[in-house]
Amino acid sequence: MADSSAVPMEGSAAANRRVSVLARHLESSSSDVDSNEPSLYASLTSGSDGDSVFAHVVKAPEDPILGVTIAYNKDPSPVKLNLGVGAYRTEEGKPLVLNVVKRAELQLVNNRSRVKEYLPITGLAEFNKLSAKLIFGDDSPAIRENRVTTVQCLSGTGSLRVGAEFLARHYYQRTIYIPQPTWGNHPKVFTLAGLSVKTYCYYDPTTRGLNIQGLLDDLGSAPPGAIVLLHACAHNPTGVDPTLEQWETIRQLIRSKGLLPFFDSAYQGFASGGLDADAQSVRMFVTDGGECLVAQSYAKNMGLYGERVGALSIVCGTADVASRVESQLKLVIRPMYSNPPIHGASIVATILRDRNMFNEWTVDLKAMADRIISMRQKLFEALRGRGIPGDWSHIIKQIGMFTYTGLNSKQVAFMTKEFHIYMTSDGRISMAGLNSKTVPHLADAIHAAVKLNA
Ligand code: KET
């Protein structure tokens, strides 16, 4: 017989906390971070009705980002354009499997000794080691001193979730500050892991740049030890990153207040085209000897979206702490999905371990980043060419996959209805979904949408 008293105290305390966080979330379906979205569990009521015990289940809305693709797929128009999800497309508008990824897959398939046994709970050891080096640098003191524990997770989202679950169980401060605005899934990932989500100032709509003073004020008044979510580079959705000097000011504040940085690195290499340059923010927080968490994704930079390959690293004060933290990460992962999938991590390890393949990857990555930058220039010129009122220079100033256009939800709805252009309702467009042929269509749509609001 199962004995419920066998549940460890710590586990039941964590479960109770999670239930109370969820209850609070249910009560305030209009939380400050998510006011446009219905409660995550809108239909958690009891009772059955007629044909099904699930008859009370209400239809949930589509995801604000992934739902854009669903709407796009339903549109029969030949001129339709999907600028919603952040997924790279070629100049021909096609999804891209990198050549180096194809080569790595061929190698894997041709390797007769390869088996499909379960990976350890923490994933492929070589993948973890190489991933830590990629983000922290070959000569990272934290790696040398064995102060880093890295576990393979299900892409960036899974890495964030595992990190958040660990923090909810083992960290004394359960408030996490996320930038305003941020990737739409952040508040949900952290809330459902049992953390309490607050926001800090990030974007200034008047300058279309960073509100550094607001950011410093908000983090300055955060409670000691609070967790701070930082986008390592190519901030989503704004495309606005702090300069290195601003990063240094942020770092000093975070360290002086004893806040705990949690980096989301979903775009390493996509901001500048350089892997090391895009990891600089993270490395500043590691070379200072302090602790931090990093969630890495290979979805965008290796084009491995559907392979779900990523890693969570926790940089700890000592090697001993790191090894105990890893033992607890295993307890988080095992009941969630047992252990991660083998294929994507094997592709990444094959490429990262081989100097030629690694170099080929960096060339591909730079080409993808450059194509996005050239789309920024083309769109900017097309808007200027049409004499559209307003300063559109933010299109060429913003960094990474997205342009945060400043178009409002009414204008976005208009562009979808009249021009079959699909994007998130906050006016974010995925520059990676554009090509030379589709730029004029987008510029015409923006022109008409701006006139509509004039
Ligand atoms: N962090 C950020 C900042 C991010 O933009 C994404 C994905 C992720 C993490 C998760 O990526 P994963 O595929 O789990 O490695 N963003 C794009 C796709 C999505 O919403 O799922 C997007 O914003 O379009």
Side-chain angles (χ1 to χ4, degrees), residues 33-34 37 62-72 82-89 95 123 127 131 134-135 151-164 176 178-190 192-193 202-203 228-241 261-271 278 281-282 293-313 336-337 340-341 344-345 347-348 368 372 398-404 412 422-434:
V33 287
D34 236 349
E37 286 190 43
E62 295 293 354
D63 180 81
I65 297 175
L66 301 183
V68 173
T69 301
I70 295 174
Y72 166 85
N82 186 3
L83 305 177
V85 68
Y88 186 80
R89 297 284 177 267
F127 163 86
S131 294
L134 187 70
I135 189 73
V151 294
Q152 181 194 332
C153 297
L154 308 188
S155 215
T157 311
S159 307
L160 290 166
R161 182 66 186 259
V162 169
I176 183 163
I178 61 175
Q180 173 61 34
T182 192
W183 180 48
N185 212 17
H186 277 148
K188 300 169 203 180
V189 166
F190 296 127
L192 290 175
Y202 191 83
Y203 181 72
V228 183
L229 190 278
L230 300 159
H231 294 228
C233 68
H235 182 275
N236 177 7
T238 66
V240 172
D241 284 350
F262 191 163
F263 282 95
D264 181 351
S265 177
Y267 298 94
Q268 189 182 356
F270 251 93
D278 289 356
S281 58
V282 173
L293 290 86
V294 184
Q296 275 171 277
S297 167
Y298 290 95
K300 330 273 168 157
N301 58 12
M302 242 183 234
L304 293 175
Y305 306 90
E307 295 290 352
R308 312 307 295 145
V309 52
L312 170 74
S313 285
M336 253 204 282
Y337 53 86
I347 296 172
V348 174
M368 288 193 285
I372 293 172
Q398 291 172 354
I399 296 164
M401 246 186 177
F402 304 107
T403 289
Y404 204 46
V412 171
Y422 290 78
M423 56 204 271
T424 52
S425 62
D426 59 0
R428 182 192 88 166
I429 59 177
S430 173
M431 297 308 286
L434 266 182

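Counting starts at 1 for both ligands and their atoms, in listed order.
- If you check each of Thr157, Thr424, Asn236, Val189 against atom 14 (O) of ligand 1, the one with the closest non-hydrogen atom is Thr157.
- Side-chain atoms of Val68 and Thr424, non-hydrogen and from C-beta on, do get closer than 4.5 Å to each other.
- How far CG of Leu230 is from OG of Ser265: 11.5 Å, rounded to the nearest 0.5 Å.
- Just one residue in the list His235, His231, His186 forms a side-chain hydrogen bond (donor to acceptor under 3.5 Å, both in side chains) with Asp264, and that residue is His186.
- Short contacts between ligand 1 and Val85, defined as distances under 4.0 Å to a heavy atom of the residue, involve ligand atoms 18 (C), 24 (O).
- Heavy-atom proximity to Ala266, at under 4.0 Å, picks out these atoms of ligand 1: 1 (N), 2 (C), 9 (C).
- Every heavy atom of Tyr305 sits 4.0 Å or more from the atoms of ligand 1.
- No side-chain N or O of Tyr202 forms a donor-acceptor pair with one of Thr182 less than 3.5 Å apart.
- Atoms of ligand 1 found under 4.0 Å from any heavy atom of Gly156 (numbered from 1 in listed order, with element): 12 (P), 14 (O), 15 (O).
- Residue nearest to atom 23 (O) of ligand 1, selected from His186, Arg428, Met401: Arg428 (by heavy-atom distance).
- Here the protein heavy atom with the shortest distance to atom 13 (O) of ligand 1 is Arg308 NH1, 2.9 Å.
- For the ligand labelled ligand 1, residue Asn185 lies outside the 4.0 Å heavy-atom shell.
- Given atom 17 (C) of ligand 1, the protein heavy atom at minimum distance is Lys300 NZ, 2.9 Å.
- Checked against a 3.5 angstrom limit, the closest N/O atoms of Gly86 and ligand 1 fall inside it.
- Here Tyr267 has side-chain heavy atoms under 4.0 Å from ligand 1, and that is the only part of it that gets that close.
- The closest donor-acceptor contact from the side chain of Asn82 to the backbone of Gly433 lies at 3.5 Å or more, if one exists at all.
- Not a single ring pair (Phe, Tyr, Trp, His ring centres under 6.0 Å) links Tyr88 to another residue, sequence neighbours left out.
- On a distance-only criterion, Trp183 and ligand 1 share at least one N/O pair closer than 3.5 Å.
- Across Met423 and Val412, no two heavy atoms sit closer than the pair CG-CG1, 3.5 Å.
- In Asp264, the part holding a heavy atom less than 4.0 Å from any atom of ligand 1 is the side chain.
- Residue Ala299 has no nitrogen or oxygen atom sitting less than 3.5 Å from a nitrogen or oxygen atom of ligand 1, judged on distance alone.
- Formation of a donor-acceptor pair under 3.5 Å by the Gln152 side chain with backbone atoms of Ala345 is not found in this model.
- Look at His235 and you'll find every heavy atom at least 4.0 Å from all atoms of ligand 1.
- Between the side chain of Asn301 and the main chain of Gln268, a donor-acceptor pair closer than 3.5 Å is present.
- In terms of protein heavy-atom proximity, atom 12 (P) of ligand 1 is closest to Ser155 OG, 3.3 Å.
- For Tyr305, the ring pair (Phe, Tyr, Trp, His ring centres under 6.0 Å) test picks out no residue, with sequence neighbours left out.
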